[in-house]
Trainee: 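This is the structure I have questions about; it appears just below.
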Amino acid sequence: MNGAEFLIKTAVRAGIEVGFANPGTTEIPIVLSFGSEPGIKAILCLFEGVCTGAADGYGRMLDKPALTLLHLGPGLGNGVANLHNARRAKTPLLNIIGEHATWHHTADAPLTMNIERLASTISGWHKTSESPMTLSQNLAEAVTASRYGQVATLIVPNDYQWADCTGGEIVSPQFSFDPINTNTIGKAAQLLRTHNKTGLIIGGRALREHGLEMVARIKATTGCDLITDHLPPYMERGIGLPDVTRIPYFPEAAIELLSRYEAIVLVGTKEPVTFFGYSDFNSSLLEKSQKRIEIANERQDVAEALGYLAEALNTSSNSKIPGSILSKPSRLQVPHGELTPENICLVLAALQPENAIIVDEGITTTGTYYPLSAGLPRHSYLTTAGGSIGYGLPCALGAAIACPERSVINFQADGSAMYTIQALWTAAREALNVTTLICSNKSYNILKMELNRAGMASIGPEVSSLVDLERPDINWVKIAEGMGVPAVSVNNVDRLVREFSKALSEPGPYLIEMVVSVSK
Ligand SMILES: Cc1ncc(C[n+]2csc(CCOP(=O)(O)OP(=O)(O)O)c2C)c(N)n1
Ligand SMILES: [Mg+2]
């Protein structure tokens, strides 16, 4: 057994089943070990940002880590934007990065760089292995760190991967959350009891089924409103679950929502701030006078904390949650006519099947979708979490690998799609049930809106050339077909309904360009 086999056997023992890989010479022994270890499936992605976004999508779906295999510092560098999203989403994720042989490092060969320094910006845990025989221990530690909802990065020199590790003991990760602080829970219960208008801002595991049941009970007892961040990483949604309001993107609307509350309890997320620094607004979206308390830290289990809070409020886990708090089925009419953003959202909401996974990187096209979706059949809903674009395609890929029996629908803005479009090739190769709906408004529309906010009512051709995606138009059908994904372009609702229904009924990936009709 060499070091690479030692490492991958440890990963399999730790329950890791999938690796998203873009390897090079420094990872050759690990590539070979994938071939001899049946417990893990390695999937080739044609850009590291696809590997990292896919591992994030996978981790969000299953709440357990996938690994990425990346090549030296430049490979990690290419994956950083989506690792940023994973960090923000608190996704369990394990990077394995090959490093030059230890004896070669001082030669300063072309691909040499400070990998640890780069890794430290997005990792909650990172380490360069110190010897071949500690590789298993290192990997087990990395997996443990990831289970707290972190990116863990293990850097493995190439000579350690080749080294003989016969007799090395495979280490299993040990993991448990820290205990909940009942004092803090008592204070939170007191805040919710003694104030008239209260908000419970939830994130992380609170947005999974068990957490949502707890918050529904807390709402039933205290009357608090349920709120989440503008970009929730992963939530379960639909009939029978409580509706949760998202904090709006622009500060005016966000403040209008949050200023209603005398007291706020935070679970699984931080105090809300504006997305960007706008000179007319404070960074914080809360006023000093608003009371607030956070009931779980990064090493505690958010769902468990909610259980304690529900208990402190005497909400019996046996009692029935009042129906008024849970979403009822909504009846949506499929519209006709132009592909306005509103009509597109209605079509998706009306047609999405039970148990769909919805990835929303639709940016300015999908604003009206979320409010329509509370009363839809049960589904999972994912957004970038970290605002770093180029996430939707890789995330959809990883989600489809995690849940091959479910339909994945990626609601994908056009500009963002171009960052990681190579994900289509892997989706074709793995024959994944991913429908990519390109919101083709042929611009970086959000930047146009921001320019408008900044008072630039009309922009000249130079500025326009930085926010328009025309001249040439992007040919989505050719791009998709060129990577093995069947595709079609549609420009009215009836055709969208036809093509979307077809995509959902047939196996394998499909891409639909929706030519958005934008109001001028
Ligand atoms: C990695 C990264 N690069 C750049 C940006 C800045 N940015 C935010 S939105 C956006 C353009 C979005 O355009 P598109 O995806 O077409 O969505 P639309 O605004 O048209 O709805 C850009 C460039 C970012 N958030 N992340
Ligand atoms: Mg666009």
Side-chain angles (χ1 to χ4, degrees), residues 47-54 56 76-89 118 121-122 151 229-231 233 248-250 273-278 339-345 348 358-370 382-396 410-424 436-454 456 459 463-476 479 489-491 511-520:
F47 176 65
E48 292 84 348
V50 177
C51 299
T52 54
D56 184 5
L76 173 61
N78 278 345
V80 160
N82 275 332
L83 289 171
H84 162 83
N85 287 325
R87 183 177 79 86
R88 286 280 164 185
L118 181 59
T121 65
I122 39 78
V151 173
D229 294 307
H230 179 64
L231 294 177
Y249 173 75
F250 284 116
V273 295
T274 57
F275 214 85
F276 291 105
Y278 297 100
L339 285 178
T340 59
E342 293 74 18
N343 279 348
I344 287 173
C345 292
L348 172 65
I358 307 294
V359 179
D360 183 356
E361 194 179 37
I363 314 206
T364 61
T365 303
T366 49
T368 57
Y369 166 74
Y370 183 81
L382 291 82
T383 76
T384 62
S388 177
I389 62 175
Y391 179 68
L393 283 148
C395 170
N410 177 25
F411 221 173
Q412 180 60 64
D414 52 358
S416 303
M418 287 301 285
Y419 287 63
T420 44
I421 192 72
Q422 305 89 324
L424 289 177
T436 307
L437 298 171
I438 297 287
C439 308
S440 180
N441 58 15
K442 305 187 181 188
S443 71
Y444 285 167
N445 193 38
I446 185 80
L447 298 191
K448 287 188 180 168
M449 288 169 72
E450 291 279 14
L451 284 166
N452 223 331
R453 267 181 73 86
M456 321 289 164
I459 50 175
V463 175
S464 179
S465 78
L466 291 177
V467 293
D468 279 333
L469 300 178
E470 294 165 319
R471 295 171 294 113
D473 277 359
I474 296 166
N475 191 324
W476 292 99
I479 289 179
S489 176
V490 301
N491 59 8
L511 180 142
I512 302 171
E513 179 195 15
M514 307 181 297
V515 181
V516 182
S517 94
V518 187
S519 51
K520 300 272 179 208

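Side chains are part of it too, since the values below use all heavy atoms of this structure and drop only hydrogens, waters and symmetry mates. Indexing begins at 1, ligand by ligand and atom by atom, following the structure's order.
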Trainee: Angle class for the F276/Y249 ring planes (parallel below 30°, perpendicular above 60°, tilted otherwise)?
Mentor: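 The rings of F276 and Y249 stand perpendicular, inter-plane angle above 60°.
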Trainee: Sequence neighbours left out, what passes salt bridge (Lys or Arg N to Asp or Glu O under 4.0 Å) with D468? Give chain and number order.
Mentor: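 Per chain and number, D468 pairs via salt bridge (Lys or Arg N to Asp or Glu O under 4.0 Å) with K448.
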Trainee: Hey, are Y391 and D56 close enough side-chain-wise for a donor-acceptor pair under 3.5 Å?
Mentor: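 There is such a pair (donor and acceptor under 3.5 Å, judged by atom type) between the side chains of D56 and Y391.
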Trainee: With 2.8 Å as the limit, count the protein N, O or S atoms near the Mg ion (ligand 2).
Mentor: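 N, O or S atoms of the protein closer than 2.8 Å: 3.
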Trainee: So which protein residues pack against ligand 1 under 4.0 Å, heavy atoms counted?
Mentor: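 Under the 4.0 Å cut-off, ligand 1 touches G362, I363, T364, G387, S388, I389, A413, D414, G415, S416, Y419, N441, S443, Y444, N445, I446.
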Trainee: What I'd like to find out is whether the side chain of F250 reaches to under 4.5 Å of the side chain of E450, using heavy atoms alone.
Mentor: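 Side-chain contact under 4.5 Å: yes.
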Trainee: Apply side chain to side chain contact (heavy atoms under 4.5 Å, CB included) to the pair M514 and F411, showing each step before the final yes or no.
Mentor: CA-CA 10 Å; M514 307 181 297; F411 221 173; 4.1 Å; yes
Trainee: Output yes when a side-chain donor or acceptor of D229 lies under 3.5 Å from a complementary backbone atom of L231, and no otherwise.
Mentor: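 Not at all, since once roles are kept as given, no pair shorter than 3.5 Å links the two residues.
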Trainee: Does the side chain of W476 reach to within under 4.5 Å of the side chain of T436, using non-hydrogen atoms?
Mentor: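 With C-beta onward as the side chain, the pair stays apart.
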Trainee: Any side-chain heavy atom of I389 sitting closer than 4.5 Å to one from I363?
Mentor: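 I389 vs I363: side chains touch.
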Trainee: List in chain and number order the residues that pass ring-ring contact (aromatic ring centres under 6.0 Å, His included) with F47, two or more places apart in sequence or in another chain; answer none if no residue qualifies.
Mentor: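 Here no residue qualifies.
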